[in-house]
Amino acid sequence: MDQNVIINPKEIKRKDWVSRFMWAPKEYDRTRIKDSFEVKMKFEDGKYNDTKYHIGNGSWSPGKNRFYFTKCKEDSLVIKCKIYCDTFSVKKGTWSGPYELDHYINDPESNNTQPFCGMVGKKEVLFFVSDRKLQGAGQNDIWYSVYDTIRKTYRRPQNCGKKINTYANEGTPYFDSKKQKLYFSSQGWPNLGGYDIFSAEAASPSRYTKVENLGFPINSSADDLYYIQDPGKKDNAYLVSNRLGSMYLQNPTCCDDIWRVIKEPNFYVKGIVLDEVSNQPIEKVVVKMKDEATGNLKDTAFSKEGSFLFYTPMGKNYSITADKMEYVSGRTMVSTTGKSTMDPDDTTVVTIYMRKITKDFEFHVNNVYYNFDKGEFQPDSYAALDSMVRFLSDNPSLSVEIRSYTDSKGEESYNDELSVKRAQAVMSYMGSKGIDRGRMIARGEGMKNPIKPNKINGKDNPTGRQYNRRTEFRVIGELDNMRIIYDQNKPEYIDKSGNENRNKKLEINTDENEDGGAPDADVMPGSRVNDN
């Protein structure tokens, strides 16, 4: 029945407004079944729908060989419901056809509805709702009957007891045979409003413990009913509710809709902080996790043994840093941007390495290169510069000395001036990224200390001169009141891409004048290099 249509029985035929079974297949593409549904259709199998009755509350037995449902007759706005069943014959390979359950289940003086069959321990139990008075706790109560699989009969129904039923209405039972939990809706237990969904652990069909309200957002201030778990591996579910957000005509909570409960998977990052030299855990280390996009601190931990565990909600990139006095901070990245609500729970395992600050510790930052006679660095130098920015951000007690060089072409005095402009361009860029200028020293080294030959056998070597047009870093720190300088002569990279990968991308500029000319009068520090 379409609940969102105003019905005038005098104007519309009964068959067009009674409740009936509908079905909707899940959408499908060539790669997988999606977690959404196609258009609804009438359920014609089994001939359960009847134009004279309201049909609903369909559920399967655990073995899927019996199908239970409710038929309700409406007469002068009074509804009387009975429970029916259809049984599949393995020998015949056919269904028997719907039949009314016995008078113990369908008490003649009562409404009997909402059947659900589950395995409580080793017993197959039919739960249902009835307003029968004898042994009743309130209005509508949840009852059960043990099904005898040998005789194929139902035992006399029993009330589920006061751990489940209250003075008010209970309904829509659903039993999770794997978890041995009964889920039901209640007006009598403390709730958020209307019917709320509860769970209870079952020791037997009549003994329950730990009755719990499922809470917000599963429950709302409106009616929440018909909770049922998705048969998949995740704790997704469906429920029926008339909460705000439902489709309606006049009143925002007039009509019941089917809602999907999607449990967001739990993503964690688990890791350990190790000494890079000894490969042993670093004790008493502070580990922090930040949202890489916003820089906001999401979590922090003081680890006595070097291990940590953080919750990483999906759709974010996270930076994780480890800090300890007398150590260079370590960093790693974790991303959950490619995750979806359909993914299973997952834990990413990482290792963060830290290096102790000693007199002989050195590291290497991949070089920053320049085109001939230009003060601006090449565009592919941004990755190296950004890695330096991250390093200084993670180690606020350290400072950096920026040393820029030229090749051998041109006058020495001119190249000294050009190298200073290059160092200042790098310092301006890093300052624009939040590094305090007081922590940076810009030095122009001119044509000193070439790392490649400017000429080979007396002939010009453009590739070697390209390598020599560079910027290098030396990081300055304090240790036991001694000033320690960390140079970049050992292959210990902040930029983990390494020299080999960097060299493949090196841009060799061969469109040069024979003699070095004056640099641009106004070099925009840190600006990107033109293509020409």
Side-chain angles (χ1 to χ4, degrees), residues 35 217 234 262-273 285-303 307-324 327-354 363 365-366 368 377-398 400 425-440 473 475 493-498 501-502 505 524-529:
D35 193 40
K234 292 174 61 64
I262 299 179
K263 178 183 178 294
E264 184 172 309
N266 292 318
F267 298 120
Y268 293 92
V269 56
K270 177 182 179 181
I272 190 167
V273 184
V285 62
V286 176
V287 186
K288 298 178 181 179
M289 183 179 74
K290 292 183 178 180
D291 184 329
E292 187 70 4
T294 64
N296 294 333
L297 181 66
K298 306 302 291 185
D299 206 347
T300 184
F302 176 74
S303 177
S307 58
F308 60 91
L309 179 69
F310 292 136
Y311 174 60
T312 53
M314 67 180 184
K316 301 284 186 179
N317 292 317
Y318 301 95
S319 62
I320 302 173
T321 57
D323 298 290
K324 186 178 180 179
Y327 278 84
V328 175
S329 297
R331 161 189 284 263
T332 190
M333 295 289 298
V334 175
S335 177
T336 58
T337 56
K339 303 291 186 179
S340 75
T341 56
M342 298 306 294
D343 289 332
D345 295 347
D346 191 23
T347 299
T348 301
V349 179
V350 299
T351 301
I352 298 179
Y353 290 98
M354 297 176 65
F363 69 88
V365 179
N366 284 328
V368 178
F377 44 81
Q378 289 182 352
D380 61 346
S381 300
Y382 280 93
L385 290 177
D386 289 340
S387 70
M388 194 66 200
V389 169
R390 289 193 297 269
F391 178 81
L392 292 176
S393 297
D394 294 340
N395 295 271
S397 65
L398 301 181
V400 65
V426 171
M427 185 170 70
S428 295
Y429 175 77
M430 295 175 64
S432 71
K433 295 295 184 178
I435 303 301
D436 188 347
R437 288 176 177 263
R439 298 173 60 194
M440 296 182 286
F473 300 92
V475 173
Y493 306 114
I494 293 177
D495 183 346
K496 296 297 183 180
S497 61
N501 185 53
R502 175 65 177 83
K505 299 178 180 179
M524 182 65 68
S527 61
R528 297 183 180 273
V529 178

**OP:** Take T312 and M289, measure what side chain to side chain contact (heavy atoms under 4.5 Å, CB included) needs, and give me the verdict at the end.
**Re:** CA-CA 9 Å; T312 53; M289 183 179 74; 3.6 Å; yes
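Of all heavy-atom pairs between G338 and D343, the closest is O-OD2, 4.3 Å. Between L385 and F473, the closest heavy-atom pair is CD2-CZ, 3.7 Å. Minimum interatomic distance between S329 and M354 (heavy atoms only, all atoms of both residues): CA-CE, 4.3 Å.
Legend: residues meeting side chain to side chain contact (heavy atoms under 4.5 Å, CB included) with E292, ordered by chain and number and at least two apart, are N317, S319, R331, M333. Residues forming a side chain to side chain contact (heavy atoms under 4.5 Å, CB included) with V350 (at least two apart in sequence, or on another chain): V269, F308, T332, V334, T348. Applying the salt bridge (charged side-chain N to carboxylate O under 4.0 Å, His left out) rule to D346 yields the partners K339; only residues at least two apart in sequence or on another chain are considered. When the side chain to side chain contact (heavy atoms under 4.5 Å, CB included) test is applied to K263, the partners found at least two apart in sequence or on another chain are D235, N236, N266, D345.
Checking side-chain atoms of Y318 against main-chain N and O of T336 turns up no donor-acceptor pair under 3.5 Å.
Atom OG of residue S340 and atom CD of residue E264 lie 10.5 Å apart, to the nearest 0.5 angstrom. Going from atom CG of L392 over to atom CZ of R390 covers 11.5 Å, rounded to the nearest 0.5 Å.
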Distance-only criterion, 3.5 Å: show the donor-acceptor pairs between side-chain atoms of residues 430-437 and protein atoms not counting sequence neighbours.
| residue | atom | partner | partner atom | Å |
| --- | --- | --- | --- | --- |
| S432 | OG | Y429 | O | 2.5 |
| D436 | OD1 | G438 | N | 2.9 |

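Within 6.0 Å of NZ on K288 lie no more than 12 heavy atoms contributed by other residues, nucleotides or ligands.
Using a 4.5 Å heavy-atom cutoff, the side chains of L309 and Y268 are in contact.
Applying the salt bridge (charged side-chain N to carboxylate O under 4.0 Å, His left out) rule to pairs touching residues 307-323 yields D291-K316, sequence neighbours excluded.
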